[in-house]
Structures are given as C-alpha cells and as structure tokens.
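A note on names: the letters A, B, ... follow the listed sequences, proteins ahead of strands, and every chain is numbered from 1. Predicted model only: the values in this text are computed from it and were never measured.
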There are 2 protein chains.
Amino acid sequence: MATGQGVTEPTTSWDPYERGCPSRDVLDRIGDKWTVLVLGELGRHGVCRYTQLRKQLSGVSEKMLTQTLRALERDGIVRRTVYPTVPARVEYALTPLGQTLREPLRALTEWSTRHIAEVLAAREEYDTNAERVS
Amino acid sequence: MATGQGVTEPTTSWDPYERGCPSRDVLDRIGDKWTVLVLGELGRHGVCRYTQLRKQLSGVSEKMLTQTLRALERDGIVRRTVYPTVPARVEYALTPLGQTLREPLRALTEWSTRHIAEVLAAREEYDTNAERVS
DNA sequence: CGGTATCCTGGACGATACTG
DNA sequence: CAGTATCGTCCAGGATACCG
C-alpha cells in the first residue's frame, strides 16, 4: 500500500524499480528470510554476539547470518562492534535508527498474529473450492 | 522483530520454517515484488479492473499481476468479482480483512519515507569506508 | 478483456570447507 | 570466535505466445 505516496504522482503509471522508491528499498531488506528475525533478537536482547544469534536463529547458515548483518549495518540499522581480544569478540546491536523500525515491524507482526487464522481459513476455503472445480 | 512472539518460547532456538510462523507467512506475501503496490492501488481507488491495474503498475507482467492477485484472493485479502458480460469484466477490491492490512503497511511506508535519507546516507558512508580499505 | 502456458535467467539461499 | 570462499540448487520473476 501507498508505495507511491509522496514520491511522484501516485495516480500515474509507475515502475517501482525505475525511480527510487523508499518502500521498495525497505521491503527488499525486511522481506528476505532472516532480517526480521535478526531484528527481533536484537530488539529483545539489546546486544548480541555472532554465535549467540546463530543459536537463537537455528537454521541460519553462517553465510546468510553474516550477509544479513552486513546489509543491516550498511543501512545504519545495526551497529557492529569489534573488541580486539583473542579470540575476537563481536557485538551487534540496534542503532537509534534501528530502534525506530521496531514499532512499524511490531504493527505488522501484530497484524499477522491477529489475522493469521482468517488468512489460513480463507486459504483452505479457496483450495477446497478449486478442487471442486477440477 | 518479534517474529517468534506469541508462538512458542521466543527465547529458544527456532527455525522460522519448521513450525508455522504467522510473520513469515505475511512477510513472504508482502515481501514479493508487486503485492504492496497492488494493495496500494486497491487502497487508493477502492475498486480496480485488471487492465487498470496493469496500467498503474507499469512494468508488471500479466503473469505476475495475475499471480499476485490470485495469492491475495486466496488469502482473503482481495475479492475478485467476475461480471459475465462479453467480453468479461473483472473487478478487484480489498476485503474487510484487506482493509485491516492498510494501517500496518502505512506505518511501514511512512517509516520508509521518513528514514530513507538516513539509510541512504549510512549506505554511502559504509561504501566509502569500504573502498578506503580495499 | 482478462487471462494461460511455456520457456528461460539471475539471484537468493544453503552446504561445505577453510582461516586469522 | 567470527567469520570468508566456493560451489550448487531452486524458484521468483520476466519474455513471449496463445486462448475463451
């Protein structure tokens, strides 16, 4: 919704990837497999180390966890702090910008938990009717 | 964030795809390329015909538009009405459930437009520092 | 007008091995 | 401990052609 809002002529035809679209940028980031889960852990625990995150998000590969964290760091949403001990110790935390993302994500998560039952019911009905036809 | 909230033991290790996760379901849907844009059009115009949507979302292929609309219909978020005239006339609109999605999506869109400048600035700084290193 | 059907490609994602 | 490097797979998404 409202992807074109406040950008340029919302009522005119418009390719989201031609001009820069803020919502597209953000959705491309949070739409991937692990970003929201990582933000969730950082939101709950405040500060997390790499291995800690790996354990919380069981199933994430090292490659994807690193990639996700790097992307978030690059976007200024997560801060990465390296302590030059041996062995190295790295801590991840939300930046102030990252904190501001919590509320909109919470809204979306709340919608999900509140309405998932309706969605699943609709899905089942749709599939049932489809098989009546075939 | 909060992907595991209210599901099962948020503090325990957990693979988002093993058990059903409402947030994953929803993110998988709205994270794709066209869903949010389609919902935006339907939110603004109330009722849209197929070709109308195609023109608004320039760049969308027939396949993807149909696929996106079908998925939303299956989830009970969009209602599809066929008028058996010749040639056929099909109208799409948000269901009541779809209406409730507007607010959380609006929150996310507003975050995007409000903070995109900070994100882009962070990105540029990150890339600049990276190239200093290499 | 409002779609299906088919083929194809790039990139997201995962598995595994290795390293400062 | 916290990664990097490499390879392989799968599928979202696009191009094109055809249809009731």
Original post:
Do any side-chain nitrogens or oxygens of B:Tyr92 fall under 4.0 Å of OP1 or OP2 in C:dC1?
Top reply: no
Atom pairs, protein N/O to nucleotides 7-12 of chain C N/O, distance under 3.5 Å:
none

Subject >> ILVMFWY network linking B:Tyr126 to A:Ile77, side-chain heavy atoms under 4.5 angstrom >> reply: no
**OP:** For B:Ala93, check side-chain contact (heavy atoms from CB on, under 4.5 Å) against everything at least two apart and list the hits.
**Re:** B:Val47, B:Arg79
Original post:
How would you list, by chain and number, every residue that makes a salt bridge (Lys or Arg N to Asp or Glu O under 4.0 Å) with B:Glu118, sequence neighbours excluded?
Top reply: none
**OP:** Under the side-chain contact (heavy atoms from CB on, under 4.5 Å) rule, collect the residues that match up with A:Thr68, sequence neighbours excluded.
**Re:** A:Trp34, A:Thr35, A:Val38, A:Leu72
Listing time: all N or O pairs from protein to nucleotides 18-20 of chain C that are below 3.5 Å?
none

Subject >> Qualifying ring pair (Phe, Tyr, Trp, His ring centres under 6.0 Å) pairs with a residue from residues 83-120 of chain A, counting only residues at least two apart or across chains >> reply: A:Trp111-A:His115
Original post:
Among D:dG14, C:dG2, D:dA2, which nucleotide sits nearest the side chain of B:Trp34?
Top reply: D:dG14
Subject >> Set of salt bridge (Lys or Arg N to Asp or Glu O under 4.0 Å) partners for B:Glu125, sequence neighbours left out >> reply: none
Subject >> Partner residues of A:Val82 under the side-chain contact (heavy atoms from CB on, under 4.5 Å) criterion, sequence neighbours left out >> reply: A:Arg80, A:Val90
**OP:** Could you check which residues of residues 75-84 of chain A get a heavy atom under 4.0 Å from DNA chain D? Sort them by number, please.
**Re:** A:Arg80
**OP:** Using the test salt bridge (Lys or Arg N to Asp or Glu O under 4.0 Å), find all partners of A:Arg114 that sit at least two apart in sequence or belong to another chain.
**Re:** A:Glu110
Original post:
B:Thr51 side chain N/O closer than 4.0 Å to the phosphate oxygens (OP1, OP2) of C:dG2?
Top reply: yes
**OP:** Mind grabbing the angle between the end helix axes of the helix from C:dC1-D:dG20 to C:dG20-D:dC1? Five pairs an end, 10° rounding.
**Re:** 50°
**OP:** Classify the nucleic acid contact of B:Arg49 as base, sugar-phosphate or nothing, counting any heavy atom under 4.0 Å across all strands shown.
**Re:** sugar-phosphate
Subject >> pair A:Arg123-B:Asp25: side-chain heavy atoms closer than 4.5 Å >> reply: yes
Original post:
What residues, two or more places apart in sequence or in another chain, satisfy side-chain contact (heavy atoms from CB on, under 4.5 Å) together with B:Thr66?
Top reply: B:Tyr50, B:Arg70
Original post:
Can you tell me if the side-chain N/O atoms of A:Arg70 get under 4.0 Å from OP1 or OP2 in D:dA2?
Top reply: no
